[in-house]
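Here is the structure we will look at, set down as structure tokens.
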Amino acid sequence: MLKTIQPPLNYENPQRQYDEDVLLLEKEDEVNKLILWNDDFNTFDFVIESLITVCKHTAEQAQQCTILVHYKGKCTVKTGSMDLLKPMHEQLTERGLTSEIV
């Protein structure tokens, strides 16, 4: 909650007064995540190429995500609306990769 600070009115005993009428700046957007999981079947090169093609990653982004998936077991490869992520999820699974939207 954002508070507005007002100058002290009593100069002999200065204390800040806070105005509790605050503009609420919360946005109710739900951000979904496309998670790619590690597997023992697909090669680094295939996963990198898939991320470039499906998720429109740069080569560097795809390589970094692939390394994270390999060592951490999973990686968020894209965030956004369900409409954006669902086709990407379907394309990744069609390629034999394991992904989920959370």
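This is a predicted model, so every value here is computed, not measured. Side chains are part of it too, since the values below use all heavy atoms of this structure and drop only hydrogens, waters and symmetry mates.
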* Asked: Has the side chain of D45 got a donor or acceptor atom that lies under 3.5 Å from a matching backbone atom of I48?
  -> no
* To do: First locate atom NZ of K72, then atom CG of N38, and finally report the distance between them rounded to the nearest 0.5 Å.
  => 13.0 Å
* Distance, nearest 0.5 Å, that separates NZ of K86 from CD of Q91 -> 13.0 Å
* Working for side-chain contact (heavy atoms from CB on, under 4.5 Å), residues I67 and Q63 -> CA-CA 6 Å; I67 290 169; Q63 185 179 26; 4.2 Å; yes
* In Å, rounded to the nearest 0.5 Å, how long is the span from NE2 of H70 to SG of C75? -> 13.5 Å
* Flag, side chain of T93 to backbone of E90, donor-acceptor distance under 3.5 Å -> yes
* Asked: Under the 3.5 angstrom rule, does the side chain of N32 hit a backbone N or O of T79 as a donor-acceptor pair?
  -> no
* With hydrophobic residues grouped by side-chain heavy-atom distances under 4.5 Å, do I101 and V54 end up in a single group? -> yes
* Asked: Tell me, do W37 and L97 make a side-chain contact under 4.5 Å, heavy atoms counted?
  -> no
* To do: Indicate if F41 and V47 have the same hydrophobic cluster label, given that clusters are the connected sets of ILVMFWY residues with side-chain heavy-atom separations under 4.5 angstrom.
  => no
* Between I52 and A62, what is the shortest heavy-atom contact and its length? -> CG1-CB, 3.8 Å
* Structure fact -> Minimal heavy-atom distance between G96 and N42, with the atoms involved, is O-ND2, 3.2 Å
* Asked: According to a 4.5 Å side-chain heavy-atom criterion applied to Ile, Leu, Val, Met, Phe, Trp and Tyr, with indirect links allowed, do L51 and F46 form part of one hydrophobic cluster?
  -> yes
* Is there a path from L92 to M82 through hydrophobic residues (I, L, V, M, F, W, Y) whose side chains come within less than 4.5 Å of each other? -> yes
* Hey, are E49 and R95 close enough for a salt bridge, meaning a charged N less than 4.0 Å from a carboxylate O? -> yes
* Group every Ile, Leu, Val, Met, Phe, Trp and Tyr by side-chain heavy-atom contacts under 4.5 Å, then state whether L84 and L36 land in the same group. => yes
* Return yes if some donor-acceptor pair links the side-chain N/O of K78 with the main-chain N/O of C55 below 3.5 Å, else return no. => yes
* Got a donor-acceptor contact below 3.5 angstrom from the Q64 side chain to the Q61 backbone? -> no
* **Reported CD1-to-OG1 distance for the pair I35 and T98, which is rounded to 0.5 angstrom** => 12.5 Å
